[in-house]
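For the numbers below, each heavy atom of this structure counts, side chains included, while hydrogens, waters and symmetry mates do not.
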Amino acid sequence: MIILRYLTREVLQTTTAVSVVLVVIIMSGRFVKYLAEATTGKFEPTVLFSIMYYRLPGFLELIIPLGFMVAIIMAYGRLYADHEMTVLSSCGMSQRRLLTYTFVPGVIVAIVVGLCSLWLTPLGLQKSEQIIKQQKSRSELDVVKPGRFQASRTNDIVTYIEKRNKNKELEGIFIASAGVAQDKPLTTVKADSAERVTHKQYQQNYLQLNNGVRYQGRPGEANYRITYFEKLGQRLPEQDDADFVSKKVDSQPTLDLLSATGVEKQAALQTRLSAPLIIFIITVLAVAMSYTTPRRGRYVMLFPAILLYLVYLVLLNSAREAIEDGTLATVIGLWPVHLLFLGIACFLFVWRTGVIGRFLIASKQKQKRYS
């Protein structure tokens with residue numbers, strides 16, 4: 001039990017440290033991307049932390065298995081390099097017992113990953129999509145600050161407002177639009193106030209300008225068209241949030257997917273069930289690849305293990321796409337990929353225990369006897 005507690009503590013501590021570092025790196029890169037979108041007015045900066053918080057379980061679902069695999073190789077590699085594993089072997093620690101002990105932290109990590117994939121990740125996607133829909137309903141004028149000229153995302157419209165009243169209506173608004181095409185005339189609009197309205201029949205958002213004048217023409221020419229209006233409506237474009245919204249099926253509860261029959265829902269269900277299963281497969285793989293010698297170094301197998309894990313994820317993603325496209329039957333699903341890597345892990349582990357080598361030696365001795 002002392003050895004079990006020692007190995008479990010080493011693996012879990014290293015898993016936590018590696019996972020935290022990976023989460024900080026990945027979340028920092030994603031936060032910079034989201035912050036760049038916020039500067040264009042697509043989202044309010046105050047909701048970015050909420051979106052990152054709700055997306056965190058989805059990141060952990062991918063990061064923790066990698067961190068667990070790296071932790072086993074790093075922890076056991078240190079034990080091999082410092083000859084601690086040699087001492088344990090002299091006390092009766094075989095490779096099979098080492099694998100059995102490693103499954104104890106593996107079960108703990110699998111439970112955490114299973115909670116993320118089956119419950120927390122879909123729930124987080126639901127919450128983040130609700131925030132995105134709320135932000136999507138805003139127009140560019142909602143982020144315009146009074147007293148400042150502000151260009152649109154396409155840089156073809158410049159807007160200026162004097163102030164915003166208590167009812168969130170704009171007062172003293174000025175809009176200049178040059179259009180994307182070079183031959184399109186310049187349009188300038190000045191209005192006393194403006195507000196956003198929604199068409200009841202078509203459910204489209206419009207900007208309604210009140211009591212203003214519109215100038216339309218080309219600079220240098222005298223044939224300007226001047227229009228005075230009491231109300232002028234302009235349709236507001238919808239925001240493209242493809243970078244923020246995932247597949248709709250990924251945000252559905254797992255219980256709803258259990259009774260579903262569609263290929264997309266079946267593929268999503270198998271993907272969620274695969275997350276904890278990956279932990280047990282990479283446990284066998286990591287134990288087999290963790291062996292090293294002081295001359296080889298502690299982390300000699302770290303890069304091949306990470307590369308093998310990435311190939312594992314790529315094949316799972318490709319299999320899911322094949323199920324959704326109908327080229328792969330849902331009955332077969334993702335299981336051939338798991339069986340492939342389980343076979344690789346078992347082969348490496350058996351090779352490490354020396355069973356294959358002893359079998360080959362015994363075969364050669366039999367051949368010599370008969371010859």
Would Leu60 and Val112 count as a side chain to side chain contact (heavy atoms under 4.5 Å, CB included) here? Give the steps. CA-CA 9 Å; Leu60 293 177; Val112 175; over 6 Å; no
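- Within the structure, the side chain to side chain donor-acceptor pair (under 3.5 Å) test picks out the following pairs touching residues 303-318 (sequence neighbours left out): Tyr312-His338.
- A side chain to side chain donor-acceptor pair (under 3.5 Å) with Thr121 is found for one member of Gln126, Glu61, Arg272 and no other, namely Glu61.
- One hydrophobic cluster, built from ILVMFWY side chains closer than 4.5 Å, cannot hold both Leu62 and Ile108; they sit in different ones.
- A donor-acceptor contact shorter than 3.5 Å is absent between the side chain of Glu324 and the backbone of Val263.
- Residues Val284 and Leu99 are in side-chain contact: their nearest non-hydrogen atoms beyond the backbone lie under 4.5 Å apart.
- Although no hydrogens or angles enter the test, the distance criterion places a donor-acceptor pair under 3.5 Å between the side chain of Thr254 and the main chain of Leu118.
- With hydrophobic clusters built from ILVMFWY side chains whose heavy atoms lie under 4.5 angstrom apart, Ile306 shares a cluster with Leu340.
- Counting heavy atoms from C-beta outward, Phe68 and Val70 have side chains that stay 4.5 Å or more apart.
- Put simply, the side chain of Asn211 does not reach to within 4.5 Å of the side chain of Tyr228, judged on heavy atoms.
- The two residues Leu257 and Ala268 make their nearest non-hydrogen contact at CD1-CB, 4.2 Å.
- For the pair Thr292 and Val300, the tightest heavy-atom approach, listed with the atom from each and the gap, is OG1-CG1, 3.8 Å.
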Applying side chain to side chain contact (heavy atoms under 4.5 Å, CB included) to Thr187 and Arg214, what does each step give before you reach the verdict? CA-CA 7 Å; Thr187 301; Arg214 182 177 69 175; 3.7 Å; yes
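- Using a 4.5 Å heavy-atom threshold, the side chains of Ile3 and Met93 count as touching.
- Contact check for Met74 versus Val18: side-chain heavy atoms found under the 4.5 Å cut-off.
- Side-chain atoms of Gln270 come within 3.5 Å of backbone N or O of Leu334 as a donor-acceptor pair.
- Cluster annotation: Ile26 and Tyr53 are assigned to the same hydrophobic cluster (Ile/Leu/Val/Met/Phe/Trp/Tyr, side-chain heavy-atom contacts under 4.5 Å, transitive).
- Residue Ser274 comes nearest to Trp335 through the heavy atom pair OG-CZ3, 4.4 Å, listed as atom of the first residue, atom of the second, then distance.
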Apply the test side chain to side chain donor-acceptor pair (under 3.5 Å) to residues Asn210 and Gln208: give CA-CA distance (whole Å), side-chain angles for both, the deciding distance (0.1 Å), then the verdict. CA-CA 7 Å; Asn210 303 318; Gln208 179 177 297; 3.2 Å; yes
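- The main-chain N or O of Thr16 is never found under 3.5 Å from a side-chain atom of Ser19 such that the two would form a donor-acceptor pair.
- The hydrophobic cluster analysis finds Leu339 isolated: no Ile, Leu, Val, Met, Phe, Trp or Tyr side chain comes under 4.5 Å of it, directly or through other members.
- In terms of hydrophobic clustering, with Ile, Leu, Val, Met, Phe, Trp and Tyr side chains grouped at heavy-atom distances under 4.5 Å, Val87 and Leu79 are assigned to different clusters.
- Dense packing is recorded around CZ of Phe229, with more than 12 heavy atoms of other residues, nucleotides or ligands lying under 6.0 Å away.
- At least one side-chain heavy atom of Tyr54 sits less than 4.5 Å from a side-chain heavy atom of Ile131.
- Enclosure of atom CH2 in Trp119 is not indicated, since only 12 or fewer non-hydrogen atoms of other residues, nucleotides or ligands lie within 6.0 angstrom.
- A salt bridge does not link Lys163 to Asp192: none of the charged nitrogens lies less than 4.0 Å from a carboxylate oxygen.
- Although no hydrogens or angles enter the test, the distance criterion places no donor-acceptor pair under 3.5 Å between the side chain of Ser290 and the main chain of Ile72.
- The heavy-atom pair separating Ala191 from Leu209 by the smallest distance is CB-CB, 4.0 Å.
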Full working for side chain to side chain donor-acceptor pair (under 3.5 Å) between Thr102 and Tyr76: CA-CA 10 Å; Thr102 311; Tyr76 290 177; 2.7 Å; yes
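- For the pair Leu285/Val287, no side-chain contact is recorded, criterion being any heavy-atom separation below 4.5 Å from C-beta on.
- No side-chain heavy atom of Glu195 sits under 4.5 Å from any side-chain heavy atom of Leu170.
- In the hydrophobic cluster analysis, where Ile, Leu, Val, Met, Phe, Trp and Tyr join through side-chain heavy atoms closer than 4.5 angstrom, Ile25 is grouped apart from Leu302.
- For the pair Thr15 and Ala71, the tightest heavy-atom approach, listed with the atom from each and the gap, is OG1-CB, 3.1 Å.
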If you apply the rule side chain to side chain contact (heavy atoms under 4.5 Å, CB included), what do you find for Phe349 with Met289, and how did you get there? CA-CA 8 Å; Phe349 182 78; Met289 300 181 70; over 6 Å; no
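- Closest approach of Thr8 and Leu4 over heavy atoms only: OG1-O, 2.7 Å.
- Residues passing the side-chain hydrogen bond (donor to acceptor under 3.5 Å, both in side chains) test with Thr14, sequence neighbours excluded: none.
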